[in-house]
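These values consider heavy atoms only, across backbone and side chains, with no hydrogens, waters or symmetry-generated copies. Atoms within each ligand, like the ligands themselves, are counted from 1 in listed order.
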Amino acid sequence: MNRFGYTRASDVGEAVHAAANGDAAQFIAGGTNLVDLMKERIAAPSRLIDITRLPLRAVKSLPDGGLEIGALVSNSEVASHPEVVSRYPLLSQAILAGASPQLRNMASTGGNLLQRTRCYYFYDAALPCNKRAPGSGCPARDGVNRIHAILGASEHCIAVHPSDMCVALAALAATVHVTGPAGARAIEFAEFHRLPGDAPERDTTLQPGELVTAVALPREGFAAHSTYLKVRDRHSYAFALVSVAVGLRMVDGTIGEARLALGGVAHKPWRDPTAEALLRGQKPDDALFAAVGEHLVRDARGCGHNDFKIALVRRAVVRALQQAVAGGPRA
Ligand code: SF4
């Protein structure tokens, strides 16, 4: 591990100011990803700014009927919070599908958004990787790419975003609140993570020195008809090969509104409004669900080992929509 400085911030302004004073400074909360990256010499911040004392641990009801989750609320606390369990079960299910209880106890809401890909090559400092060392190449394209992207990839990077929680937040159309040197702003969840393009080293649209302070959920949580379906190599402590988050608002047996996001397939949680539009106003039907699955993979490309994900998305989308109509996986 490289030498680094350490600052413990007591308020948001102090944390942002400390980040602005160090080119390679990074915020740290639970450290469940960053510490591993530092041990492997994948990340080498000049200074860690400890934000664990900041007042960002509240879950608050919002005047518009939504719910705000502070950036330092742990993944475990979010998953078990009564308001989340009753109004946003999709989010609770997605969080509980990820990592292990110990990691969920340490991992923060803000940190979950910022965790980095689990591409094998990214974690091996002896190998080239455009995300870790821009311009060095992408060995995954012609290498072992079973866990890699089938949608939205570029010639520079085919990595996928690893979070389960973020797939649910994409389907719920959450908003990310951040504060930085230029002040506070809100980012729609669909705009928070980015596709790799020609700059795969950038995972998000955060500007330098910006700190995630909260995630806001809109009032509609699709509690009666939602599900998170995760397909993986073993039943726990494994990242998604493909996951599907679905929220439906049913009106007299018809789909009034639909939200659907995929995980494990792209550099960001993959939400396609044109697929959701196919469901709107329709009666639930397996042929319709199969058409939605087909639509979602219309531009999918495999790299060899991950070709199976295309068929897997088709089938997982059908099953997730069936589950959501039935009231979720517990119904
Ligand atoms: Fe690096 Fe992305 Fe290629 Fe993986 S897929 S080796 S993260 S550039």
How close does the nearest protein non-hydrogen atom get to [atom], and which residue and atom is it?
| atom | answer |
| --- | --- |
| atom 3 (Fe) of ligand 1 | C138 SG, 2.3 Å |
| atom 1 (Fe) of ligand 1 | C129 SG, 2.3 Å |
| atom 2 (Fe) of ligand 1 | C157 SG, 2.4 Å |
| atom 6 (S) of ligand 1 | Y121 CB, 3.4 Å |

- Note on the structure: Nearest heavy-atom approach of P329 to Q323 is CB-OE1, 4.1 Å
- Query: Which atom pair, heavy atoms only, marks the closest approach of L114 to F192?
  - Reply: CD2-CZ, 3.9 Å
- Task: State, with a plain yes or no, whether a side-chain heavy atom of L91 is found less than 4.5 Å away from one of M165.
- Result: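 Touching, per the 4.5 Å side-chain cut-off.
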- Using a 4.5 Å cut-off on heavy atoms from C-beta on, say whether the side chain of S74 contacts that of N105. no
- Item | Whether C119 has an N, O or S atom under 2.8 Å from atom 2 (Fe) of ligand 1 |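 No, outside the cut-off.
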- Query: In terms of ring plane angle, is the pair H148 and Y120 parallel, tilted or perpendicular, where the classes change at 30° and 60°?
  - Reply: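 Because their plane-to-plane angle is over 60°, the rings of H148 and Y120 count as perpendicular.
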- Task: For P139, take its heavy atoms, then give the atoms of ligand 1 lying under 4.0 Å from any of them.
- Result: 6 (S)
- Message: Tell me whether ligand 1 is touched by H156 - counting only heavy atoms on the residue side and a distance under 4.0 Å.
- Response: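 The answer is yes: ligand 1 sits under 4.0 Å from a heavy atom of H156.
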- Task: Determine whether any heavy atom of P200 lies closer than 4.0 Å to an atom of ligand 1.
- Result: no
- Query: Is D164 salt-bridged to R232, cutoff N-O under 4.0 Å?
  - Reply: no
